[in-house]
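Report on the structure given below.
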Amino acid sequence: MNLLAVYERLQGHFKIKDCWWPHETTFEIMVGALLTQNTAWGNVEKAIKNLKTEGLLNIKSLSKINRKKLEEAIRPSGFYKQKAGYLSAFSKHLYTKYKGDLNAFFNRDTHIIRRELLLYKGVGKETADSMLLYAGNKLIFVIDAYTKRMCFRLELTELGDYDKLQLFFQDNLRNDLFLYKQFHALIVELGKNFCKSNPLCGKCPLKRKCKQQGISEKLKKRESREL
DNA sequence: ACCCAGGTGGCCC
DNA sequence: GGGCCACATGGG
């Protein structure tokens, strides 16, 4: 089955808002990308709200804020001490190297930016790519746990690491920023609503395209080994 | 009382 | 290059 067919099928079932990743500023998207690591989005929203209330959600403030205060503000998002350290260092780099100017930061070759993002502590491939796609409007497909799980269950690809999966998407989709953003959003919705770790195959929009049809203990074991 | 969430870094082999 | 673990809150 081809990727575009999956996309169209999902489009028929989920309404994705034009601005799926809620934000007032570009920086807010970058902060959200970091905070949402292995964390439910609802918890991230609380953290972001706290940061906004305290006037901290900008590069300058975050780079100067006292660590304990930052920890308290983002506490609801979990792993808060670790994330406070990441955010603090990240903001300081943006502030000192780019004078807090994200246009300057993003106005370069995509892969140069990606390499740089990956040097920051706490920014791995998925976080970097989320920032590039949603904050920087760069043509990079984001691979997350939902994406891996969906591909695995649909048997769309050979089992692969992040890079292989990303290439699979990028090679099989037209170069269209809107498509990249929407497709990732749709996969997240699928993952939240149906293709969960304990999946609800009965009403899944991809039911007819998927061989799993209810998950066996055997599949669960393979997933835990191979995802 | 569990299980899970839009990962990452560090350590070990 | 992989396998394991810590990191932590909040909702179902």
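The chains referred to below are lettered A, B, ... by the order of the sequence lines, with proteins before strands, and numbering in each begins at 1.
If you check residues 49-58 of chain A against DNA chain B, you find no residue with a heavy atom closer than 4.0 Å. DNA chain C is contacted by no residue of residues 181-192 of chain A, taking any non-hydrogen atom closer than 4.0 Å.
A close approach under 4.0 Å does occur between a side-chain nitrogen or oxygen of A:Arg149 and OP1 or OP2 of B:dA5.
If you take CG of A:Asn193 and P of B:dA5, they are 13 Å apart, rounded to a whole angstrom. One can place CD of A:Gln37 at 8 Å from P of B:dG9, the figure rounded to the nearest angstrom. Atom pair A:Phe194:CZ and B:dC4:C1' shows a separation of 18 Å (rounding to whole Å applied). Atom CZ of A:Phe90 and atom P of B:dT8 are 13 Å apart (whole Å). A straight line from CG of A:Asp129 to C1' of B:dG7 spans 13 Å, rounded to a whole angstrom. Between A:Lys125 atom NZ and B:dT8 atom P the separation is 10 Å, expressed in whole Å. Between the CG atom of A:Leu200 and the C1' atom of B:dC4 there is a distance of 13 Å, rounded to whole Å.
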Any chance you could lay out the ring-ring contact (aromatic ring centres under 6.0 Å, His included) test for A:Phe183 and A:Phe169, step after step, and finish with the verdict? CA-CA 10 Å; A:Phe183 201 173; A:Phe169 276 84; 5.7 Å; yes
With side-chain hydrogen bond (donor to acceptor under 3.5 Å, both in side chains) as the test, would you mind laying out the steps for A:Thr39 and A:Lys83 before giving the verdict? CA-CA 12 Å; A:Thr39 301; A:Lys83 287 174 179 173; 3.0 Å; yes
Start with the C-alpha distance between A:Asn137 and A:Lys181, add both sets of side-chain angles, then the distance that settles side-chain hydrogen bond (donor to acceptor under 3.5 Å, both in side chains), and finish with yes or no. CA-CA 9 Å; A:Asn137 292 310; A:Lys181 290 184 181 181; 2.4 Å; yes
Please evaluate residues A:Asn58 and A:Ser61 with respect to the criterion side-chain hydrogen bond (donor to acceptor under 3.5 Å, both in side chains), reporting the C-alpha separation (whole Å), side-chain torsions for both, the decisive distance (0.1 Å), and the verdict. CA-CA 6 Å; A:Asn58 60 80; A:Ser61 303; 2.9 Å; yes
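If you check every strand for non-hydrogen atoms under 4.0 Å, A:Val142 touches nothing.
Between A:Leu62 and A:Phe90, every side-chain heavy-atom pair lies at or beyond the 4.5 Å cut-off. For the pair A:Pro199/A:Phe194, no side-chain contact is recorded, criterion being any heavy-atom separation below 4.5 Å from C-beta on. Between A:Tyr162 and A:Asp129 the shortest side-chain heavy-atom distance falls below 4.5 Å.
Between A:Glu72 and A:Arg75 there is a salt bridge, with a side-chain nitrogen of the basic residue lying less than 4.0 Å from a carboxylate oxygen of the acidic one. The residues A:Arg108 and A:Glu116 are annotated as salt-bridged, a charged nitrogen and a carboxylate oxygen being separated by less than 4.0 angstrom. In this structure, A:Arg174 pairs ionically with A:Asp176, as a charged nitrogen and a carboxylate oxygen lie closer than 4.0 Å.
Taking the P atoms as reference points, C:dC5 lies 16 Å from B:dC3, given to the whole Å.
Other residues, nucleotides and ligands place more than 12 heavy atoms under 6.0 Å from the NZ atom of A:Lys52.
Nearest-nucleotide positions on DNA chain B place A:Thr36 closer to the 5' end than the other of A:Tyr120 and A:Thr36.
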How does each nucleotide of nucleotides 5-12 of chain C score, in 5' to 3' order, for protein heavy atoms under 4.0 Å: base (B), sugar-phosphate only (S), or none (-)? --BBBSS-
